[in-house]
Amino acid sequence: EMLYAVGAGDQMVGRDSFSNYPEEATSLSGIGGSNGAYSYDAIAALQPDLVVAAAINTEDQVKSLTDLGLTVYYVGNPTNLEDLYNSLDTLGELTGQKETAVGLTDSLNTRVQAVLDTVARAHTAPVVFYELDGSDPSKPWTSGPGTFMDMLITLAGGKNVGASLSSAWAQISVEEL
């Protein structure tokens, strides 16, 4: 999503099994990724100039890619907006899309300020449950304290149900919810 957002979508040659937005991303060659199983042969066959790895990828997976002679850039999970903006700017620079990335971060800053201005006038704070994974309907996964999603919910004037949980990514029972 970030690569498309900075204008580098037409440069992409492959995607993991979770990357399905925007819709045109689904037409890219799949390289696996479900349950951490990537096809390193498929990745190498695409001959990418750059592989973007995310925080979900292990050090061993990144090493496997670099052992193939591939250039890998690791994008960490942002914990605040500045981290997000820095990642977007870096991806823009790495892909030759710096102007688009800077325009995007400027636009995001403007949008965030508009939300903050609106929230400052609010008299109530909605309680928000953000479901990450509902594959177990009796215990869905949600974002807990200290996560980017927790920060966004709070920034938007909400109270994250998951903020009271003990870990950043946690399951919550339907009864607790």
Side-chain angles (χ1 to χ4, degrees), residues 1-28 30-31 33 48-58 61-62 65 71-134 140-165 167-170 172:
E1 290 178 33
M2 292 173 74
L3 289 165
Y4 276 93
V6 300
D10 62 348
Q11 295 169 252
M12 295 177 57
V13 295
R15 68 177 182 91
D16 66 20
S17 57
F18 301 108
S19 298
N20 59 6
Y21 184 86
E23 190 171 328
E24 59 254 38
T26 61
S27 67
L28 296 171
I31 51 91
D49 298 317
L50 174 69
V51 175
V52 178
I56 195 171
N57 303 116
T58 66
Q61 290 168 329
V62 172
L65 293 166
T71 302
V72 179
Y73 178 73
Y74 180 82
V75 179
N77 280 336
T79 57
N80 56 52
L81 291 171
E82 197 59 39
D83 288 349
L84 173 66
Y85 300 151
N86 288 336
S87 291
L88 290 168
D89 287 342
T90 299
L91 288 173
E93 190 157 335
L94 289 171
T95 60
Q97 302 291 332
K98 187 174 182 172
E99 266 186 56
T100 304
V102 169
L104 175 62
T105 57
D106 289 348
S107 171
L108 289 171
N109 269 317
T110 300
R111 292 167 59 191
V112 166
Q113 190 57 54
V115 169
L116 292 174
D117 292 346
T118 301
V119 168
R121 296 187 302 271
H123 300 290
T124 60
V127 176
V128 178
F129 172 68
Y130 183 78
E131 183 178 291
L132 290 169
D133 179 355
W141 287 87
T142 191
S143 55
T147 61
F148 189 72
M149 192 53 59
D150 179 49
M151 184 270 311
L152 285 179
I153 291 168
T154 303
L155 190 72
K159 294 179 183 176
N160 180 19
V161 168
S164 64
L165 300 175
S167 64
W169 310 107
I172 184 170

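For the single chain, residues carry numbers from 1 onward in sequence order.
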If I compare all heavy atoms of [X] with all of [Y], which pair ends up nearest, and what's the gap?
X	Y	answer
W169	W141	O-CZ3, 3.5 Å
A101	G92	CB-CA, 3.7 Å
G157	P126	O-CD, 3.6 Å
V13	P48	CG2-CB, 4.3 Å
S167	P145	O-CD, 3.4 Å
N57	V62	CB-CG2, 4.5 Å

Going from [atom1] on [X] to [atom2] on [Y], what distance comes out if it is rounded to the nearest 0.5 angstrom?
X	Y	atom1	atom2	value
D89	L84	CG	CG	9.5 Å
L132	T147	CG	OG1	8.0 Å
Y4	T100	OH	OG1	15.0 Å
D49	L94	CG	CG	11.5 Å

Problem set entry | Check: N160 main-chain N/O paired with D150 side-chain donor or acceptor under 3.5 Å |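 Here the side-chain-to-backbone pair does not exist.
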Taking the side chain as every heavy atom from C-beta outward, state whether [X] and [Y] have any pair of such atoms under 4.5 Å apart.
X	Y	result
N77	F148	no
L155	L81	yes
L165	T142	yes
L104	V6	yes

Problem set entry | With S87 via side chain to side chain contact (heavy atoms under 4.5 Å, CB included) - residues at least two apart |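 In terms of side chain to side chain contact (heavy atoms under 4.5 Å, CB included), with neighbours along the sequence ignored, S87 is linked to M2, V75.
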For this session: Only counting residues at least two apart or in another chain, list the ones meeting side chain to side chain contact (heavy atoms under 4.5 Å, CB included) with Q11.
Result: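 For Q11, the residues satisfying side chain to side chain contact (heavy atoms under 4.5 Å, CB included) (neighbours in sequence not counted) are A8, T95, Q97.
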Problem set entry | Contacts of T79 that satisfy side-chain hydrogen bond (donor to acceptor under 3.5 Å, both in side chains) - sequence neighbours left out |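 Result, side-chain hydrogen bond (donor to acceptor under 3.5 Å, both in side chains) vs T79: D83.
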Exercise. Considering residues, nucleotides and ligands other than Y130, do more than 12 of their heavy atoms fall under 6.0 Å from its OH?
Worked result: no
For this session: Could you tell me whether E99 atom CD has more than 12 heavy atoms of other residues or ligands within 6.0 Å of it?
Result: no
Exercise. Which residues satisfy the salt bridge (Lys or Arg N to Asp or Glu O under 4.0 Å) test with K98, sequence neighbours excluded?
Worked result: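 Once residues adjacent in sequence are excluded, the partners of K98 under the salt bridge (Lys or Arg N to Asp or Glu O under 4.0 Å) criterion are E93.
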Side-chain polar contacts of residues 107-116 - donor-acceptor pairs under 3.5 angstrom, sequence neighbours left out - could you list them?
residue: N109; atom: OD1; partner: Y85; partner atom: OH; Å: 3.3
residue: N109; atom: ND2; partner: T105; partner atom: O; Å: 3.3
residue: T110; atom: OG1; partner: D106; partner atom: O; Å: 3.1
residue: Q113; atom: NE2; partner: D117; partner atom: OD1; Å: 2.8

Side-chain donor-acceptor pairs of residues 18-27 under 3.5 Å, sequence neighbours excluded:
residue: S19; atom: OG; partner: D16; partner atom: OD1; Å: 2.7
residue: T26; atom: OG1; partner: E23; partner atom: O; Å: 2.6
residue: S27; atom: OG; partner: E24; partner atom: O; Å: 2.7

